[in-house]
A.B. asks: 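My questions will all concern the structure given below.
Note that the coordinates shown come from a computational prediction; the quantities given were computed from them, not determined experimentally.
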Amino acid sequence: MAVSDSVERAALADKLMWADHPRRLELRTVRGIALREALDSGVPADDIARRLVVTVADLTWMAAPAPSSAAA
């Protein structure tokens, strides 16, 4: 079942991550994409942070794209 609401999708991914889900890294990616979608659509950062029970600073970190592996 797909979750169309980006804030709800981010909250669900976050909840599953804390439940020791076996695909935590993928959930982190899903959460970040969902958070960026919510922010880009105009949802206020403080509303999203409140929903996820984090600070706006945490939300900023959580929404940042994962760094690419640096070429050696």
Side-chain angles (χ1 to χ4, degrees):
M1 178 169 119
V3 179
S4 60
D5 180 80
S6 55
V7 177
E8 186 61 29
R9 190 168 57 251
L12 179 58
D14 191 65
K15 180 180 178 181
L16 289 171
M17 286 174 59
W18 287 102
D20 201 25
H21 192 280
R23 299 173 81 173
R24 292 176 77 193
L25 185 57
E26 291 172 46
L27 288 168
R28 181 178 177 190
T29 300
V30 167
R31 181 186 66 188
I33 291 168
L35 291 172
R36 288 190 297 279
E37 286 177 10
L39 291 166
D40 290 348
S41 73
V43 179
D46 57 337
D47 288 351
I48 301 169
R50 192 174 315 108
R51 172 65 179 90
L52 271 66
V53 192
V54 297
T55 67
V56 172
D58 289 336
L59 177 70
T60 301
W61 172 82
M62 292 163 58
S68 301
S69 298

A.B. asks: Under the side chain to side chain donor-acceptor pair (under 3.5 Å) rule, what pairs show up with a residue in residues 44-56, not counting sequence neighbours?
C.D. replies: Glu8-Arg51, Asp47-Arg50, Thr55-Asp58
A.B. asks: Answer yes if Leu16 and Val3 sit in the same cluster of Ile, Leu, Val, Met, Phe, Trp and Tyr residues linked by side chain heavy atoms under 4.5 Å apart, and no otherwise.
C.D. replies: yes
A.B. asks: If you link I, L, V, M, F, W and Y whenever their side-chain heavy atoms are under 4.5 Å apart, who else ends up in the same group as Val43?
C.D. replies: Val7, Leu35, Leu39, Ile48, Leu52, Val54, Leu59, Trp61, Met62
A.B. asks: Please determine whether side chain to side chain contact (heavy atoms under 4.5 Å, CB included) holds for the pair Arg36 and Ile33, giving the CA-CA distance in whole Å, both sets of side-chain angles, and the decisive distance to 0.1 Å.
C.D. replies: CA-CA 5 Å; Arg36 288 190 297 279; Ile33 291 168; 3.3 Å; yes
A.B. asks: Is it true that atom CZ of Arg24 has more than 12 heavy atoms of other residues, nucleotides or ligands lying nearer than 6.0 Å?
C.D. replies: yes
A.B. asks: Return the NE2 to NZ distance between His21 and Lys15, rounded to the nearest 0.5 Å.
C.D. replies: 12.5 Å
A.B. asks: To the closest 0.5 Å, what do you measure between CG (Asp14) and CZ (Arg9)?
C.D. replies: 14.0 Å
A.B. asks: Between CG of Asp5 and CD of Glu37, what distance do you get to the nearest 0.5 Å?
C.D. replies: 10.0 Å
